[in-house]
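Residue numbers begin at 1 in each chain, while the letters A, B, ... track the order of the sequences.
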2 protein chains.
Amino acid sequence: MNTQTIALHLREHNLKVTPQRLKIVESLNTYGHLNIDMLYAEVQKSYPSVSLATVYKNIALMTEKQLLEEVKIPESKSVFEVKKAPHHHLHCRRCGKIEDVVIDCSGICRIAEEKSGYLVERTETVFSGLCPDCRSGS
Amino acid sequence: MNTQTIALHLREHNLKVTPQRLKIVESLNTYGHLNIDMLYAEVQKSYPSVSLATVYKNIALMTEKQLLEEVKIPESKSVFEVKKAPHHHLHCRRCGKIEDVVIDCSGICRIAEEKSGYLVERTETVFSGLCPDCRSGS
DNA sequence: CATCAAACGATAATTATTTTCCTTAAATAA
DNA sequence: TTATTTAAGGAAAATAATTATCGTTTGATG
Ligand SMILES: [Mn+2]
Ligand SMILES: [Mn+2]
Ligand SMILES: [Zn+2]
Ligand SMILES: [Zn+2]
């Protein structure tokens, strides 16, 4: 996703296109999943005078507008990502890496509905363990 | 789980059996999943002079000792529960109810491993939607 | 009951997040 | 291009959440 596309998305949501916002979204495009502190550090690289409040305000705003999404990971800080098609997450307990994985969960989802009587609209799964690198002791 | 059993569990982990701790665990037994504020309010009912710090300290301690477990729910505060066999959660976006559901996830778990090369040790799923009550407009 | 360490409550300190308010800059139209 | 409008930025204050400190109390043990 390039700058033009990001700008377009911001405008679609009636958000002004500012360099700080572009940088936030670009950082997320580059790294996938970042927490507040990492995001602040990234933006600071390009805009040393950026305020932490600006990062907070923009993340909150863009998350509200469904441009970004918060992912809650067991035993660690929430990370944010650019919203995309529904998917699930892998989390390495050793190096902290977070990766996407697309899996069809309709099966267990249907079972959950049958067992509980709930109407399930959304399923979020986090698989925790060891990534390939950390598995092989490297 | 009765008071004696809870006391036993506390002692097993070298934790002194205090009325505040008993009340915390009893509250979780009664309500299943509670966040910090609800837990503090519950303990206050029996011990009006309890300190919020005591609740925080005990939750942290008992979670470390694996007596309790934190559950992170999308778009809402973390809740705590007494640790039990692995299971998943249902969350009603309307009334906030949180329920357990036992589902075999070994299938999608294996698929996640194959797709990613990760070694998956733990799978946490939160199904969000509407509980039976909220479904039927009540 | 006496002893001792752990836990408690009160409160201070720290960390995280949100709000305020004035200045700056993006969007839009002249 | 420039002027106007308004949202967004930065700095700092305010608030919320969590953790640490410390003197006192209490549970465990003998
Ligand atoms: Mn993702
Ligand atoms: Mn549960
Ligand atoms: Zn790893
Ligand atoms: Zn409900």
Side-chain angles (χ1 to χ4, degrees), chain A residues 3-27 34-65 67-68 70-80, chain B residues 3-27 34-65 67-68 70-80:
Chain A
T3 306
Q4 298 315 311
T5 315
I6 300 171
L8 205 66
H9 284 180
L10 287 170
R11 290 210 186 83
E12 275 171 15
H13 293 277
N14 293 105
L15 299 179
K16 287 187 179 175
V17 178
T18 69
Q20 294 87 344
R21 282 177 184 165
L22 287 174
K23 182 67 187 182
I24 288 174
V25 180
E26 280 163 9
S27 302
L34 296 174
N35 67 33
I36 290 274
D37 306 313
M38 299 156 102
L39 218 28
Y40 179 44
E42 273 310 303
V43 181
Q44 269 186 319
K45 285 186 195 167
S46 304
Y47 308 97
S49 72
V50 69
S51 165
L52 179 56
T54 297
V55 177
Y56 271 107
K57 283 184 281 193
N58 280 321
I59 289 179
L61 200 59
M62 294 194 275
T63 303
E64 250 173 48
K65 302 274 187 176
L67 221 91
L68 304 185
E70 180 176 1
V71 182
K72 295 194 173 190
I73 305 287
E75 349 256 80
S76 60
K77 292 196 79 168
S78 284
V79 295
F80 294 84
Chain B
T3 305
Q4 298 315 309
T5 314
I6 300 172
L8 206 65
H9 285 181
L10 287 170
R11 290 207 188 85
E12 275 171 16
H13 294 276
N14 294 104
L15 299 178
K16 287 188 179 175
V17 178
T18 68
Q20 295 87 344
R21 283 177 182 163
L22 287 174
K23 182 66 188 184
I24 287 173
V25 180
E26 280 163 8
S27 302
L34 295 175
N35 66 32
I36 290 276
D37 305 314
M38 297 156 103
L39 218 30
Y40 179 46
E42 273 308 303
V43 182
Q44 271 187 318
K45 285 186 194 167
S46 304
Y47 307 98
S49 72
V50 70
S51 166
L52 179 55
T54 297
V55 177
Y56 270 107
K57 284 184 282 193
N58 280 321
I59 288 179
L61 200 59
M62 292 194 275
T63 302
E64 252 173 49
K65 301 274 188 178
L67 222 90
L68 304 185
E70 181 175 2
V71 182
K72 295 195 172 188
I73 304 288
E75 350 257 82
S76 60
K77 292 195 77 168
S78 284
V79 295
F80 293 84

Original post:
When you measure from the side chain of B/Lys77 to the backbone N and O of B/Leu34, does any donor-acceptor pair fall under 3.5 Å?
Top reply: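 Not a single qualifying donor-acceptor pair exists.
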Starting at atom [atom1] of [X], determine the distance to atom [atom2] of [N], rounded to an integer number of angstrom.
X: B/Leu15; N: C/dC8; atom1: CG; atom2: C1'; value: 14 Å
X: A/Glu12; N: C/dA27; atom1: CD; atom2: P; value: 14 Å
X: B/His13; N: C/dA6; atom1: NE2; atom2: P; value: 17 Å
X: A/Glu64; N: D/dA8; atom1: CD; atom2: P; value: 12 Å
X: B/Arg11; N: D/dT26; atom1: CZ; atom2: C1'; value: 14 Å

Quick check: do [X] and [Y] have side-chain heavy atoms less than 4.5 Å from each other?
X: B/Ile36; Y: B/Phe80; value: yes
X: A/Ser78; Y: A/Val71; value: no
X: A/Pro19; Y: A/Leu22; value: no

Original post:
Tell me, for nucleotides 9-14 of chain D in 5' to 3' order, what letter each nucleotide earns: B for a base near a protein heavy atom under 4.0 Å, S for only sugar-phosphate near one, - for neither?
Top reply: SBBB--
**OP:** Starting at CD of A/Glu70, measure out to CG of A/Asn35 and round the result to the nearest 0.5 Å.
**Re:**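 Result: 11.0 Å between the selected atoms.
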Original post:
Taking atom CE of B/Met62 and atom CG of B/Leu15, what is their separation to the nearest 0.5 Å?
Top reply: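 Answer rounded to 0.5 Å: 7.5 Å.
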Under 3.5 Å, N/O pairs linking protein and nucleotides 15-18 of chain D:
unit_1	atom_1	unit_2	atom_2	d
D/dT18	OP2	B/Tyr56	OH	2.2
D/dT18	O5'	B/Tyr56	OH	3.4

Original post:
Strictly by modelled atom types, are A/Thr3 and A/Glu26 linked by a side-chain donor-acceptor pair under 3.5 Å?
Top reply: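 Note: A/Thr3 and A/Glu26 side chains meet the donor-acceptor criterion.
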Side-chain polar contacts of residues 45-61 of chain A - donor-acceptor pairs under 3.5 angstrom, sequence neighbours left out - could you list them?
unit_1	atom_1	unit_2	atom_2	d
A/Lys45	NZ	A/Glu42	OE2	2.8
A/Ser46	OG	A/Lys23	NZ	3.1
A/Ser51	OG	A/Ala53	N	3.1
A/Asn58	OD1	A/Arg21	NE	2.7
A/Asn58	OD1	A/Arg21	NH2	3.2
A/Asn58	ND2	A/Thr54	O	3.1

Subject >> Axis-to-axis angle between the two ends of the helix from C/dC1-D/dG30 to C/dA30-D/dT1 (five base pairs per end, rounded to 10 degrees) >> reply: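 Answer rounded to 10°: the end axes differ by 40°.
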Could you go through residues 4-13 of chain B and list every donor-acceptor pair under 3.5 Å that involves a side-chain atom there, pairing it with any protein atom two or more places apart or in another chain?
unit_1	atom_1	unit_2	atom_2	d
B/Thr5	OG1	B/Asn2	OD1	2.7
B/His13	ND1	B/Lys65	O	3.3

**OP:** Test for a donor-acceptor pair under 3.5 Å between the base of D/dT6 and the side chain of A/Lys16, counting only N and O atoms.
**Re:**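 By the distance-only test, yes, there is a pair.
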**OP:** With DNA chain D as reference, determine whether B/Ala60 or A/Asn14 sits nearer its 5' end, using the nearest nucleotide of each.
**Re:**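 Closest to the 5' end, via its nearest nucleotide, is A/Asn14.
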Subject >> side chain to side chain contact (heavy atoms under 4.5 Å, CB included) assessment of A/Lys72 paired with A/Val79 >> reply: CA-CA 7 Å; A/Lys72 295 194 173 190; A/Val79 295; over 6 Å; no
Can you name the atoms? Protein N/O to nucleotides 1-3 of chain C N/O, anything below 3.5 Å, with the distance.
none

